[in-house]
**Student:** 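Quick one: the structure is below, questions incoming.
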There are 2 protein chains.
Amino acid sequence: MVDAVFRIIASDGLERASLREVAEEAGLAVGSVRHYFASSDELLVHSFSVVIDRIAGRLELALEAVQGQAPGTPAHHGAAVLLLEQFLPLDEERAVDVCVWLAFRNAARIKPVFAPEAARSHRAVAAVVGQLIMELLPGSAEQQDILVTEAERLLATLDGLCMHALLQSEWMTAQMCRDVLEAHLAGLGGLHRGR
Amino acid sequence: MVDAVFRIIASDGLERASLREVAEEAGLAVGSVRHYFASSDELLVHSFSVVIDRIAGRLELALEAVQGQAPGTPAHHGAAVLLLEQFLPLDEERAVDVCVWLAFRNAARIKPVFAPEAARSHRAVAAVVGQLIMELLPGSAEQQDILVTEAERLLATLDGLCMHALLQSEWMTAQMCRDVLEAHLAGLGGLHRGR
DNA sequence: GTCTTTTTAGCACGATCGTGCTTCAACTGC
DNA sequence: GCAGTTGAAGCACGATCGTGCTAAAAAGAC
């Protein structure tokens with residue numbers, strides 16, 4: 001059922017994820033879908049929640065892999081890149097998730113029903129990125145404001161990469177995504193040192 | 001007429017920008033709107049085109065201001081920040097523009113009518129950002145790949161900042177936007193030097 | 001004045017959508 | 001066997017939307 005919602009949003013957009021479309025995609029009748037979800041909003045909010053849990057789960061798993069490595073080592077760097085790649089639509093599964101994720105977050109600006117889940121999504125992702133920043137900038141642990149700024153900066157870059165990879169896939173290839181990630185990490189390391 | 005479209009998209013989203021809504025917002029009848037725009041798509045594509053021209057116009061004006069300053073000077077840096085701020089929804093006018101701009105670009109993923117204008121938008125913005133990167137990294141003029149990567153990275157960060165400023169305005173304040181921009185420029189300057 | 005063009009307005013049709021409501025089959029516990 | 005719960009299906013109503021079409025008013029040309 002939720003998978004049907006994901007497929008419709010990924011291929012036709014959130015506004016086409018109506019009860020009738022979802023029911024047909026899931027091979028059910030409208031009444032059957034409404035047996036499980038009293039309203040259209042309920043189904044969509046639940047789908048939003050599921051995609052958040054999926055993405056956050058991938059991120060936290062990858063974060064543990066990062067924290068299991070000694071900072072500064074190549075393995076640590078590689079695990080960090082692997083974590084950041086979990087944001088990007090580099091395979092079919094992640095492409096659908098990111099697509100659905102962005103669609104719901106954009107809709108949350110207009111439809112207040114999505115606002116609580118959107119806030120939860122932001123908190124969960126910001127927590128992971130914040131911890132990653134602390135892993136990558138161990139020397140700046142006391143400068144709280146720099147850590148916050150760098151976390152927001154990394155988060156913005158990731159979301160922008162997501163957008164471009166989804167919307168301008170001709171220009172923003174997978175290799176370009178990885179190059180940008182590497183450049184950003186290199187810029188992180190060289191930053192706030194010579195001051 | 002186009003202003004009415006902008007207001008509706010900014011406050012209620014693109015999907016509510018129907019002919020009836022636009023006509024009411026503009027104080028006209030549906031038939032009157034359709035006298036100028038034969039179809040709904042025609043009106044929306046024209047609105048997309050207008051918002052692109054407005055944003056691109058601001059950017060190119062700010063780019064000339066950057067190119068009028070000597071590279072490396074504080075005035076050059078300030079003009080660069082001013083250029084990058086033209087992307088962000090830091091006042092009411094730019095907030096509406098950015099909102100409409102993002103809505104149309106997202107819709108272009110689904111609706112092919114918007115694809116040509118979306119491609120034009122990407123080309124125009126990438127050209128400005130590319131020239132800015134060449135201003136900021138004059139020493140790497142020969143390394144084409146680095147310039148391209150850094151342009152895409154800056155573009156991604158800007159779009160991510162736009163998203164966050166619009167969607168999570170509680171966390172992403174105007175000051176945080178400026179801090180992120182300054183941090184990114186600082187990271188640019190210190191990058192690709194010690195190699 | 002009349003004739004033509006532009007602008008504004010409105011109607012009607014089919015399509016889609018959310019939702020309240022009823023019906024029917026399948027399964028479960030006893 | 002049978003009552004009660006659950007899953008699935010369908011109908012009908014009002015609302016919204018794009019669009020083809022007609023008609024009336026306003027403006028301008030002569």
Side-chain angles (χ1 to χ4, degrees), chain A residues 1-51 99-100 102-118, chain B residues 1-51 99-100 102-118:
Chain A
M1 189 104 80
V2 173
D3 287 334
V5 175
F6 287 1
R7 283 194 298 271
I8 293 175
I9 292 178
S11 65
D12 294 334
L14 179 58
E15 66 279 1
R16 298 299 304 269
S18 64
L19 286 178
R20 285 173 175 83
E21 287 279 345
V22 172
E24 187 181 10
E25 178 75 27
L28 292 175
V30 177
S32 307
V33 177
R34 292 194 56 210
H35 174 70
Y36 299 97
F37 301 97
S39 71
S40 172
D41 284 349
E42 202 170 298
L43 167 62
L44 294 180
V45 169
H46 177 254
S47 301
F48 191 7
S49 164
V50 168
V51 82
C99 211
V100 173
L102 280 183
F104 277 124
R105 289 200 291 158
N106 279 318
R109 187 182 70 88
I110 299 299
K111 296 192 66 177
V113 265
F114 296 145
E117 288 298 314
Chain B
M1 191 102 84
V2 173
D3 287 334
V5 175
F6 287 1
R7 284 194 297 271
I8 292 175
I9 292 178
S11 65
D12 295 335
L14 179 58
E15 65 279 359
R16 299 298 305 270
S18 64
L19 286 179
R20 285 172 175 81
E21 287 279 344
V22 172
E24 187 181 11
E25 178 75 27
L28 292 176
V30 177
S32 307
V33 177
R34 290 193 56 211
H35 173 70
Y36 299 97
F37 301 97
S39 70
S40 171
D41 283 350
E42 203 170 297
L43 168 61
L44 294 180
V45 169
H46 177 255
S47 301
F48 191 7
S49 164
V50 168
V51 82
C99 210
V100 172
L102 280 183
F104 276 124
R105 290 200 290 159
N106 280 317
R109 187 181 69 88
I110 299 301
K111 295 193 69 177
V113 265
F114 296 143
E117 288 297 315

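What's counted below: heavy atoms across the whole structure, side chains too, no hydrogens, waters or symmetry copies.
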**Student:** Could you state the NZ-P distance from B/Lys111 to D/dC17, rounded to the nearest angstrom?
**Tutor:**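 Taking NZ of B/Lys111 and P of D/dC17, I get 13 Å after rounding.
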
**Student:** Minimum heavy-atom separation for A/Ala103 and A/Ile9, please, with both atom names.
**Tutor:**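 That would be CB-CG2, 3.8 Å.
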
**Student:** Does anything in residues 22-40 of chain A reach DNA chain D, meaning a heavy atom under 4.0 Å, and if so which residues?
**Tutor:**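 When residues 22-40 of chain A is checked for heavy atoms under 4.0 Å from DNA chain D, the hits, listed by number, are A/Leu28, A/Ala29, A/Gly31, A/Ser32, A/His35, A/Tyr36.
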
**Student:** Hey, what do you get for OG (A/Ser40) to CD (A/Glu42), rounding to the nearest 0.5 Å?
**Tutor:**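 So the gap between those two atoms works out to 10.0 Å.
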
**Student:** Please step through side-chain contact (heavy atoms from CB on, under 4.5 Å) for the pair A/Tyr36 and A/Leu43, ending with a clear verdict.
**Tutor:** CA-CA 8 Å; A/Tyr36 299 97; A/Leu43 167 62; over 6 Å; no

**Student:** What is the distance, rounded to the nearest whole Å, between atom CE of B/Met1 and atom P of C/dT7?
**Tutor:**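 It is 10 Å, rounded to the nearest whole Å.
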
**Student:** From B/Leu102 CG over to B/Leu14 CG, what is the distance, rounded to the nearest 0.5 angstrom?
**Tutor:**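 Atom-to-atom, B/Leu102:CG and B/Leu14:CG are 11.5 Å apart.
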
**Student:** Give the rounded distance in Å between these two atoms: CD1 of B/Ile8 and P of D/dT16.
**Tutor:**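 Going from CD1 in B/Ile8 over to P in D/dT16 covers 14 Å.
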
**Student:** Rounded to the nearest 0.5 Å, what separates atom CZ in B/Phe104 from atom SG in B/Cys99?
**Tutor:**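 One gets 11.0 Å once the value is rounded to the nearest 0.5 Å.
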
**Student:** Show every side-chain hydrogen bond (donor to acceptor under 3.5 Å, both in side chains) that has at least one partner inside residues 20-31 of chain A, sequence neighbours left out.
**Tutor:**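 Those involving residues 20-31 of chain A are A/Arg7-A/Glu25, A/Arg16-A/Glu21.
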
**Student:** What integer distance in Å separates B/Arg20:CZ from C/dA12:C1'?
**Tutor:**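 Between C1' of C/dA12 and CZ of B/Arg20: 11 Å.
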
**Student:** Determine the minimum heavy-atom distance between B/Ala108 and B/Ala115, stating which atoms define it.
**Tutor:**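 Closest approach of B/Ala108 to B/Ala115, heavy atoms only: CB-N, 4.3 Å.
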
**Student:** Working to the nearest 0.5 angstrom, can you tell me the gap between B/Asp41 CG and B/His46 NE2?
**Tutor:**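 Between B/Asp41 CG and B/His46 NE2, I get 14.5 Å after rounding to 0.5 Å.
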
**Student:** Look at the side chain of A/Arg109 and the backbone N and O of B/Ala10, then say whether any donor-acceptor pair between them is shorter than 3.5 Å.
**Tutor:**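 Side chain of A/Arg109 to backbone of B/Ala10, a donor-acceptor pair under 3.5 Å: yes, one is there.
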
**Student:** So how far is it from B/Asp12 CG to B/Ser18 OG, rounded to the nearest 0.5 Å?
**Tutor:**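 B/Asp12 CG to B/Ser18 OG: 10.0 Å, rounded to 0.5 Å.
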
**Student:** How sharply is the helix from C/dG1-D/dC30 to C/dC30-D/dG1 bent, taking the axes over five pairs at either end and rounding to 10 degrees?
**Tutor:**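 The angle, to the nearest 10 degrees, is 0°.
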
**Student:** For nucleotides 25-28 of chain C, print each protein N/O atom paired with a nucleotide N/O atom at under 3.5 Å, atom names and distance only.
**Tutor:**
none

**Student:** Could you check which residues of residues 41-49 of chain A get a heavy atom under 4.0 Å from DNA chain C? Sort them by number, please.
**Tutor:**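 Those residues: none at all.
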
**Student:** Check the distance between C/dG20's C1' and A/Leu19's CG and give it to me in whole angstrom.
**Tutor:**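 Going from CG in A/Leu19 over to C1' in C/dG20 covers 13 Å.
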
**Student:** Test side-chain contact (heavy atoms from CB on, under 4.5 Å) on B/Phe37 and B/Leu19 and set out the steps.
**Tutor:** CA-CA 10 Å; B/Phe37 301 97; B/Leu19 286 179; over 6 Å; no

**Student:** Where is the tightest heavy-atom contact between A/Ile110 and B/Ser11, given as atom of each residue plus distance?
**Tutor:**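 Minimum heavy-atom separation between A/Ile110 and B/Ser11: CD1-O, 3.6 Å.
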
**Student:** Run the side-chain contact (heavy atoms from CB on, under 4.5 Å) test against B/Glu117 and tell me which residues pass, sequence neighbours left out.
**Tutor:**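 Residues passing side-chain contact (heavy atoms from CB on, under 4.5 Å) with B/Glu117: B/Val45, B/Phe48, B/Ser49, B/Ile52, B/Arg120.
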
